[in-house]
Amino acid sequence: MTTYTTLIILSGLVIFSYLFDLVASKTKLPSVLLLLLLGIGLRVLVDNLKIETFDFLKILPALGTVGLIMIVFEGSLELKYDRDKNKIIKGAFLSALVILIASVSVITFIIYEITGRDLYTCFSNAIPFSVVSSAIAIPSAAALSKKGKEFIIYESSFSDILGIILFNFAISNPHISTSSFTGLGLNTILIVILSAISCIVLLYVMGKISHHIKFFLIISILIMVYAIGQSYHLSALVLILSFGLFLNNADTIKYAWFRSIFIYKNLSNDLTQLHQLSAESAFILRTFFFVIFGFTMNIYQLNDQIVLVNGLIMLASIFVIRFVYLKIFRRENSGAEAFIAPRGLISILLYFNLPHALKIPEVGTSFLFVVVLGSSLIMSIGLLLTKKYVRAEPYSGMH
């Protein structure tokens, strides 16, 4: 493949992704779903033309990790905190926690019934299927009311964080003991301290950099700290969410010493530019990740009726749990929120990070693909059905 052909394909994918975003804003059909279908279409075309391609599975985890960081960071930069939002934050956290635990329990049982493997292996495999993907949920919540959108941003981000914590805990502790929970507590305290220090240091650095290249340096430091944290099995996504929230709310801190050291003249302008840069970076990374994921899927495995039936049972359990919880504990939800439970980028990343010894052939990539694609389809249909009941409000966390 020549250099120019590669450039045409890459730029073409970005153009298609932009058009998909326009379609998504009008139809409430998630652009991620269209990107997956584009990837599948390209795979079919390449197979028919017998063209040799690169093994994209090698770059998928790294691409997905950076994409996840940018998407959560972009979402957190839209959130303005005030005490009135404590109820939404508490509700979003409880929703993420309870639904995650319930989903993991039910899906562990489903995988156990399918495979007959030991409960530890089934539990470890259930976690990737139980986490709501903020990469898909946050853009899909754009049509909701202001409170609905904020709830989804917080809930899906908490779901990602709690899912990573649970996943790290599971693969690090094949045999659970008191020391396992002590380690979890220490890791949680450590990541909170690391997040607080990183937020202060990065804001200080932002104010001191006079070079015209500033934001990619900040983002690079953020990614590096995230990678270091993750390599030590710390749930470093807390750091990303915290930094975005801290930056967008730093100007509300009234302490004179803090304002004199950290709040600088161009902070508001810098935040606007950083938000724009993170949004466009997230868009590019999301585009390539989901097209490549669709491309790497062997769609011919979807002819397997057992995979389809088991995938549908899992999808049914995911949405039943969510419907029941939101119906009982979140009375003010518009109905659309119950459908926003997509599996996507985070599920794929966690699945690829499963140790080889824990992977179950019956719950392979084709099974993952059914759940990712199916959850996006159900969400699309749900948003279309509830569209007439949802009153979208103009929303921006940057004012």
Side-chain angles (χ1 to χ4, degrees), residues 30 32-48 53 55-57 60-61 64 100 102-133 135-136 163 167 170 289-322 339 341-382:
V32 165
L33 183 61
L34 299 173
L35 291 170
L36 282 171
L37 295 173
L38 176 61
I40 293 166
L42 288 172
R43 176 60 182 267
V44 172
L45 182 65
V46 164
D47 285 350
N48 287 334
T53 58
D55 182 8
F56 289 105
L57 281 174
L60 202 60
L100 177 67
S103 299
V104 170
S105 302
V106 172
I107 293 171
T108 297
F109 176 74
I110 291 170
I111 294 174
Y112 177 76
E113 288 296 312
I114 293 169
T115 65
R117 294 290 189 97
D118 61 280
L119 282 175
Y120 169 68
T121 304
C122 295
F123 175 75
S124 301
N125 279 267
I127 298 169
F129 295 97
S130 305
V131 184
V132 174
S133 171
I136 303 177
F167 183 80
F289 179 85
F290 283 104
V291 170
I292 290 171
F293 180 63
F295 186 84
T296 55
M297 284 299 96
N298 183 358
I299 58 164
Y300 308 108
Q301 290 179 336
L302 298 183
N303 291 329
D304 189 336
Q305 288 189 345
I306 295 173
V307 169
L308 286 174
V309 170
N310 290 332
L312 289 173
I313 291 169
M314 193 177 286
L315 283 169
S317 69
I318 287 166
F319 284 95
V320 167
I321 289 166
R322 186 169 180 81
F339 290 98
R343 272 46 180 171
L345 196 151
I346 186 68
S347 300
I348 298 162
L349 290 179
L350 292 180
Y351 179 82
F352 281 125
N353 279 305
L354 271 173
H356 184 72
L358 289 177
K359 288 190 176 176
I360 305 172
E362 298 96 322
V363 189
T365 51
S366 56
F367 197 91
L368 179 67
F369 183 65
V370 168
V371 175
V372 169
L373 195 62
S375 61
S376 289
L377 279 169
I378 292 169
M379 183 180 74
S380 306
I381 294 164

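In this text the structure is predicted, and so the values were computed from the model without any measurement.
- Within the 6.0 Å centre-distance limit, the rings of F367 and F129 are counted as a close aromatic pair.
- Residues S103 and L100 have side chains not in contact (no heavy-atom distance under 4.5 Å, counting atoms from C-beta outward).
- M379 places a side-chain heavy atom less than 4.5 Å from the side chain of P342.
- For the pair F295 and V46, the minimum side-chain heavy-atom distance is below 4.5 Å.
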* To do: Verify side-chain contact (heavy atoms from CB on, under 4.5 Å) between V371 and S347, making sure each step is shown before the conclusion.
  => CA-CA 10 Å; V371 175; S347 300; over 6 Å; no
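- The shortest side-chain heavy-atom distance between M297 and T365 falls under the 4.5 Å cut-off.
- Residues passing the side chain to side chain donor-acceptor pair (under 3.5 Å) test with T121, sequence neighbours excluded: D118.
- A cation-pi arrangement is not found for K359 relative to F352, the charged atom failing to lie both closer than 6.0 Å to the ring centre and inside a 45° cone about the ring normal.
- Remark: I292 CD1 to L36 CG distance equals 12.0 Å, nearest 0.5 Å.
- With contacts defined as side-chain heavy-atom distances shorter than 4.5 Å, the pair R43/D47 qualifies.
- No side-chain heavy atom of I110 sits less than 4.5 Å from a side-chain heavy atom of N310.
- Of the inter-residue distances, the one linking F167 atom CZ with L350 atom CG reads 5.0 Å to the nearest 0.5 angstrom.
- We find the CD1-OH distance between I114 and Y112 to be 13.0 Å, quoted to the nearest 0.5 Å.
- Residues R343 and L368 are not in side-chain contact: their nearest non-hydrogen atoms beyond the backbone lie 4.5 Å or more apart.
- Residues M314 and I107 meet the side-chain proximity criterion, which asks for heavy atoms closer than 4.5 Å.
- Summarising the geometry, atom CZ belonging to F290 is positioned 5.5 Å from atom CD1 belonging to I348; distances are rounded to the nearest 0.5 Å.
- Between the S376 side chain and the L373 main chain, no donor and acceptor come within less than 3.5 Å of each other.
- Nearest heavy atom pair, residue T296 against residue F56, reads CG2-CB, 3.9 Å.
- To the nearest 0.5 Å, atoms OG (S375) and CG (L315) are separated by 6.0 Å.
- In this structure, N353 CG and L358 CG are separated by 12.0 Å, a value rounded to the nearest 0.5 Å.
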